[in-house]
Peer 1: 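Here you go, one structure.
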Amino acid sequence: MPPVFRFAPSPNGYLHLGHALSALLNAGMARDSGGRLLLRIEDIDRSRCRPEFEAAIYEDLAWLGLNWEQPVRRQSEHFDEYRAALTRLDAMGLIYPSFESRAEIAALVAAREQHAPWPRDPDGAPLYPGDAKTLTPAERARLIASGAPYALRLDMAAAVQRIGPLTWLEGGSGHAADPAAWGDVILARKDAPGSYHLAVVVDDAALGVTDVVRGNDLFHATSVHRLLQSLLDLPAPRYHHHRLILDADGRKLSKSTQATALRERRASGATPSDIRKVLGLD
Ligand code: GLU
């Protein structure tokens, strides 16, 4: 079986040099290994994703010279699969609803930080500080019946206890996973029956992805992905996290930075081979 690679952008802005690096590395590894290259549109967040950004992704990738298989998988067309995974995790007693708003969560963190620093996840965000896990079934049922919006969270302590130590293959060597560092992550958003972590794991398995090539900003998230793969009996791909392209101030590129958008470069006359040079690929 040939290896299967995927590039998985979110259509919430225009692709920039960092995306180009990821896409070109995926394409190069697929080519060198006689593998397949898939494209996945990560559009769970309906409030931020727009059709014109999706159209621009196809256009920019084709301009770069990429070829990918059809059909393209769009996360928004697979909500049933995410629901099925949530049902399985629920049957294991590993998820619970949490009802707090962002502002309430910020206030809880501030209150906890009056006594001692509150732990943060590898991305620097405070761990979930609430106690929704301890609500009684009756309290949960009452809140849900009242129409209060809720997210579904993973009971991380219980999940880690169930699975035990985990590793992943990073560039061919074993790396110890530490999912507990993320706390009770969200697996279904208030507005969608899934979250990035859940969808990426379900999708990679559904597509038969064998090799995940993506930026180093997602290195630590792999711990959560390995845990979910293990809970859901899904195969573990090999991982290759690559360097990030930084802006002049040393910050990660964002979709709002015009100067590094591929279409801006193209509009100012850059060729695909100029892009490869800027990325240090030639
Ligand atoms: N959609 C994610 C992004 O645009 C990438 C997800 C992944 O490669 O796992 O950053």
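Atoms within each ligand, like the ligands themselves, are counted from 1 in listed order.
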Peer 1: Pair Thr210, Arg6 - check side-chain hydrogen bond (donor to acceptor under 3.5 Å, both in side chains), show working.
Peer 2: CA-CA 9 Å; Thr210 59; Arg6 90 313 194 260; over 6 Å; no
Peer 1: Measure from atom 5 (C) of ligand 1 to every heavy atom in Ser10, Ala8, Gly215 and give the option owning the shortest one.
Peer 2: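 Nearest option to atom 5 (C) of ligand 1, by heavy atoms: Ala8.
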Peer 1: Is there a donor-acceptor contact under 3.5 Å from the side chain of Trp182 to the main chain of His220?
Peer 2: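 Present.
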Peer 1: Checking a contact table here: which protein heavy atom is nearest atom 6 (C) of ligand 1, and how many Å away?
Peer 2: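 It is Glu42 OE1, 3.3 Å.
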Peer 1: What residue among Asn26, Val72, Leu66 forms side chain to side chain contact (heavy atoms under 4.5 Å, CB included) with Leu39?
Peer 2: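 Passing option: Val72.
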Peer 1: Between Arg214 and ligand 1, is there a nitrogen or oxygen pair with a distance under 3.5 Å?
Peer 2: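 Yes; at least one N/O pair falls below 3.5 Å.
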Peer 1: I'd like to check whether Val212 has a polar contact with ligand 1, where a contact means an N/O of the residue lying under 3.5 Å from an N/O of the ligand.
Peer 2: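 It does not: no N or O of Val212 is found under 3.5 Å from an N or O of ligand 1.
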Peer 1: State the atoms of ligand 1, each with its element, that fall below the 4.0 Å cut-off from a heavy-atom position in Val200.
Peer 2: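 In order of numbering, the contacting atoms are 9 (O).
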Peer 1: Tell me, please: is Phe7 in heavy-atom contact with ligand 1, that is, under 4.0 Å?
Peer 2: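 No, Phe7 has no heavy atom closer than 4.0 Å to ligand 1.
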Peer 1: Please work out, at 4.0 Å between heavy atoms, whether the side chain, the backbone, both, or neither of Leu218 comes within that distance of ligand 1.
Peer 2: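 Leu218 to ligand 1: side-chain contact only, backbone stays beyond 4.0 Å.
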Peer 1: Has the side chain of Trp63 got a donor or acceptor atom that lies under 3.5 Å from a matching backbone atom of Pro272?
Peer 2: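 No, the answer is negative, given that no donor and acceptor are paired below the 3.5 Å cut-off.
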Peer 1: Whether Arg40 and Glu69 form a salt bridge (side-chain N of Lys/Arg under 4.0 Å from carboxylate O of Asp/Glu) is what I want to check.
Peer 2: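 So Glu69 does not pair with Arg40 through a salt bridge.
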Peer 1: Closest non-hydrogen protein atom to atom 8 (O) of ligand 1, residue and atom name please, with distance?
Peer 2: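 Looking only at protein heavy atoms, the one closest to atom 8 (O) of ligand 1 is Arg6 NH1, 2.7 Å.
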Peer 1: Indicate yes or no: does Arg88 engage Asp233 in a salt bridge with an N to O separation below 4.0 Å.
Peer 2: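 Asp233 and Arg88: salt-bridged.
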